[in-house]
Amino acid sequence: MGRKLLLEHINVPGINTYDVYRSKGGYEAVEKALKTLTPEDVVEEVKKSGLRGRGGAGFPTGMKWSFLAKPEGVPRYLVCNADESEPGTFKDRYLMTYIPHLLIEGMIIGSYALGANTSYIYVRGEMMPQIRILEKAIAEARNAGFLGKNILGTGYDLEIYVQPGGGAYICGEETALIESLEGKRGNPRIKPPFPAIAGLYGCPTVVNNVESIAATVPIIRDGGDEYAKLGIGRSTGTKLISAGGNVAKPGVYEIDLGLPVEEFLYSDEYCGGIANGKRLKAVVAGGSSVPILPANLFFKLANGEPRLMSYESLSEGGFATGTMMGSGGFIAFDEDQCIVRNTWNFARFYHHESCGQCSPCREGTGWMEKVLHRLEHGQGKLSDMDLLVDVSKKIEGNTICPLGDAAAWPVASAIRHFRDEFEWHVTNPSAAVSGNFGLAHYADPLVPVVA
Amino acid sequence: MLRVEDTPNYTTAAFSPSLLAEMADMVSRYPEGKQKSALLPILHAVQAEQGWLSAEAMDRVAEYLRIESIEVYEVATFYTMYFLRPQGKYMLEVCRTGPCCLVGAEKIMDQIEQTLGVKEGEITPDGLFSWRGVECLAACGFGPVLQIGPEYTFYEKLTPESVNQLISDLKVKANN
C-alpha cells in the first residue's frame, strides 16, 4: 500500500477546520519555510522533489518557479488553477471540499517562494460550495496569523483571494485563466511572452494546479529528496487519480506513481474492477483529452512488461499504442459502451468549449461533432473516418492553445483503435441507433506479429 | 445570444444595499485601477439577487466598474453560467458529458423532461423550473449529477426516482 501524502488525514472528522488540521501537523511546513528557509531554498526543495505539474502538462513545478522574472518594484503573482473541468477529473474538487487547508498552506509556501504578496485561487464558478469552504479556511488561517501582515513575525505579508470563474473549460489554460481573472473573455494569449515574464496585469506570474500546490506541503515538510524517493524514474511522488465511468468503486485515490495499471483497476484497494461483473472494453487514462486505448493495449507494453501509472509508462509506444497521464482522470468503459457515441459526446464537449479564437479549432470541432453525430445515428459514410482524421490533423498543432490538440486526439485515437466499430455503424445503420457493437475483440490478447 | 427584445419592459430595481456592499468588497481584492477583475464575481452576485442578467443590470455593472457596457456584454455572453433571459426559480443543470453518460445521465435528462413537461431551456408554466444539459461538472465519480444555482447545490448518483423526488421536494419548498 502506498504512502499517503495528501490524503493521509482525509477521513479525520473535522479535518476541514483549522484546529483539527493544525493538530495533525498542519501549517508546520509553512513555519519551517518562513522561519528556516529562504525563498530560493524553497524553490530548490521543490526542484529536488521532481514534482511535475499535476494539471495535465506534467512540466516540472520547481523549474516553472525558477523561470519567474523578478524585476525590481514590480509585483509578482501566484495563481492557483482550480478551474477543474477536464471530463473524468474531479480530484481538485475533492481536495478543496475535504481538506481545504492543505491548499491554503501550499499557497502560502508557494507565494513565499515566489515573493508574491497577493495570490489568487481561480475556482470554476460551478464550485460555489468549494469557494465558500476556501473562503472560510482563509479566514481561519488569517485568524491564526498565517495570512495578513508580518506572518509569524517574519515580515512577510500575504493575502489570498478566491475568484470564481464563469463556466468555461478554456479557462483551465493558464493564459485564458489570467484573461478571465482580469475580467475578460477566456481567450488564450499567444506565447511568448510566457506568464513567468508577463502574466496577470502584465506582471510575472506563476499558475499552478491545486494538486501541485498541495504537494509542496509534504515536500517542504519532509524535504524534496524524501518526496523524490517515492514514485518511479522521472515520475516522482504520489498522484491523485479520479476514477470514474464503469469502475466498481469510483472515487479519488492517491497512488505512488509506478503502480501497475492492472493493480489500480482490479485491486480492492483502488477501483475494485468493473462494476456489475462486466468486462473492460477501453480506458481513457488521463482525462477526456488523452488518447483512448482498448483494453488489450492498456495493460501491457509492446515488450510484454506491465504498463504502470507513470508519465513515461502511460505514454510508452507514443500515440500508436500509448496514451498520456494528463490530469489523472481515469475513465473505464465496460463491454456495453459505444465508442462512437462517446467520441461524439467528447467532440460535442470540445465544440461547445472552443473559445472561437482560432479558426481550425472553432470550425474543426464543429465539423467533427456533426460528422460523429451522423455516424452515431446511422447516417454516416465509410469515407467519414478518413474525413475525421483529416479534420483532426488540420486542428492539431495549428491553434494558439492546446485545446485544439485536446479535441483532435480523442477522435483520432478512437478511429485508430476502434475503426471497425465505426465502420459497423455505417454498414448497419438501423443497429447503430438501437443496438451495440459490444466488446468485440478489444480485450483479446494481442497476437505478436512475426516478421 | 443577447437580444434587446428579451428585456423590453424590464426595469432594473436598484441593486440592494447588501449587493452593493458585496460588490465593493469584491473590488477591494484587486490592485488599484484593476477593478475590472471583479466583473465575473459581481455578475454572479447580481444574478444571484435578480435571477438573471438584464441589459440594464449589465449597464449598471459597467457604470459601477467604470468600464464600457460592451466589456460586460462580451463577458456575460462568453461564459455559460450567466443567464441572459429569465429562468425558472430552480434551474436544474444536468451534466451531459461522457463519464456521466456512461452511468446514465441521458436517462436523467429524459426523466426531467417528462416530469416537468418542458423541453431543455423552457420554463414550466408555474415559473418554478427550467432545465438544461451542461458540460462536465468535475464530479465524474459520483454521476449522474445535477446542480441548482445560485448556491450551486449538488445532487449526486441520481436515478429517475431520486430526480422525481427532488422535483417534488422543491415544489413543496417553493410553496412554503
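Please read these numbers as outputs of a predicted model, since none were measured by experiment.
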Region of [X] that comes under 4.5 Å of a non-hydrogen atom in chain B:
{"X": "A:Phe349", "result": "both"}
{"X": "A:Val162", "result": "backbone"}
{"X": "A:Thr89", "result": "backbone"}
{"X": "A:Leu200", "result": "neither"}
{"X": "A:Ala275", "result": "neither"}
{"X": "A:Tyr350", "result": "neither"}
{"X": "A:Glu159", "result": "neither"}
{"X": "A:Cys171", "result": "side chain"}

Side chains of [X] and [Y]: does their closest heavy-atom pair fall under 4.5 Å?
{"X": "A:Pro164", "Y": "B:Tyr152", "answer": "no"}
{"X": "A:Lys184", "Y": "B:Glu74", "answer": "no"}
{"X": "B:Phe78", "Y": "A:Ile170", "answer": "yes"}

For a quick test of reading the model, state the closest non-hydrogen atom pair linking [X] to [Y] and the distance between them.
{"X": "A:His352", "Y": "B:Thr80", "result": "CE1-CG2, 3.6 Å"}
{"X": "A:Gly165", "Y": "B:Tyr82", "result": "O-OH, 4.4 Å"}
{"X": "A:Phe90", "Y": "B:Cys140", "result": "CD2-N, 3.5 Å"}
{"X": "A:Ser180", "Y": "B:Leu40", "result": "OG-CD2, 3.5 Å"}
{"X": "B:Cys136", "Y": "A:Gly88", "result": "SG-N, 4.3 Å"}
{"X": "A:Pro129", "Y": "B:Glu151", "result": "CD-O, 3.7 Å"}

Could you tell me which of [options] has the largest number of non-hydrogen atom pairs under 4.5 Å with chain B?
{"options": "A:Phe346, A:Tyr169, A:Tyr201", "answer": "A:Tyr201"}
{"options": "A:Pro250, A:Gly244, A:Gly167", "answer": "A:Gly167"}
{"options": "A:Ser288, A:Ala243, A:Gly166", "answer": "A:Gly166"}
{"options": "A:Lys249, A:Arg348, A:Arg124", "answer": "A:Arg348"}
{"options": "A:Gln337, A:Met127, A:Glu84", "answer": "A:Gln337"}

Assess whether atom CD of B:Glu156 is packed by more than 12 heavy atoms of other residues, nucleotides or ligands within 6.0 Å.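 More than 12 heavy atoms, drawn from other residues, nucleotides or ligands, come within 6.0 Å of this atom.
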A:Arg362, CZ atom: more than 12 neighbouring heavy atoms under 6.0 Å: yes
Lys NZ or Arg CZ of A:Arg93 over B:Phe142 ring: under 6.0 Å, within 45°: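 Not satisfied by the 6.0 Å and 45° rule.
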Would you mind telling me which of [options] has the largest number of heavy-atom pairs within less than 4.5 Å of chain A?
{"options": "B:Ala38, B:Gly33, B:Pro41, B:Cys100", "answer": "B:Pro41"}
{"options": "B:Ser37, B:Gly141, B:Pro31, B:Ala76", "answer": "B:Ser37"}
{"options": "B:His44, B:Glu93, B:Gln147", "answer": "B:His44"}
{"options": "B:Leu137, B:Ile67, B:Val103, B:Ile42", "answer": "B:Leu137"}

Taking [X] for the side chain and [Y] for the main chain, is one N or O donor matched with an acceptor at less than 3.5 Å?
{"X": "A:Glu126", "Y": "B:Ala138", "result": "no"}
{"X": "A:Tyr120", "Y": "B:Arg29", "result": "yes"}
{"X": "B:Tyr79", "Y": "A:Gly186", "result": "yes"}
{"X": "A:Asn345", "Y": "B:Pro99", "result": "no"}

Considering only heavy atoms, which portion of B:Phe154 lies under 4.5 Å from any heavy atom of chain A: side chain, backbone, both, or neither? side chain
In terms of heavy-atom proximity below 4.5 Å to chain A, should B:Gln47 be classed as side chain, backbone, both, or neither? neither
Looking at residues at least two apart in the chain, or sitting in another chain, which of them share a ring pair (Phe, Tyr, Trp, His ring centres under 6.0 Å) with A:Trp344? A:His373, A:His377
Report the C-alpha distance between B:Tyr30 and A:Tyr161 in whole Å, list the side-chain angles of each, state the deciding distance to 0.1 Å, and finish with yes or no for side chain to side chain contact (heavy atoms under 4.5 Å, CB included). CA-CA 9 Å; B:Tyr30 309 96; A:Tyr161 298 109; over 6 Å; no
Supply the atom-to-atom distance A:Leu181 CG to B:Leu39 CG, rounded to the nearest 0.5 angstrom.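 If we round to the nearest 0.5 Å, A:Leu181:CG and B:Leu39:CG are 12.0 Å apart.
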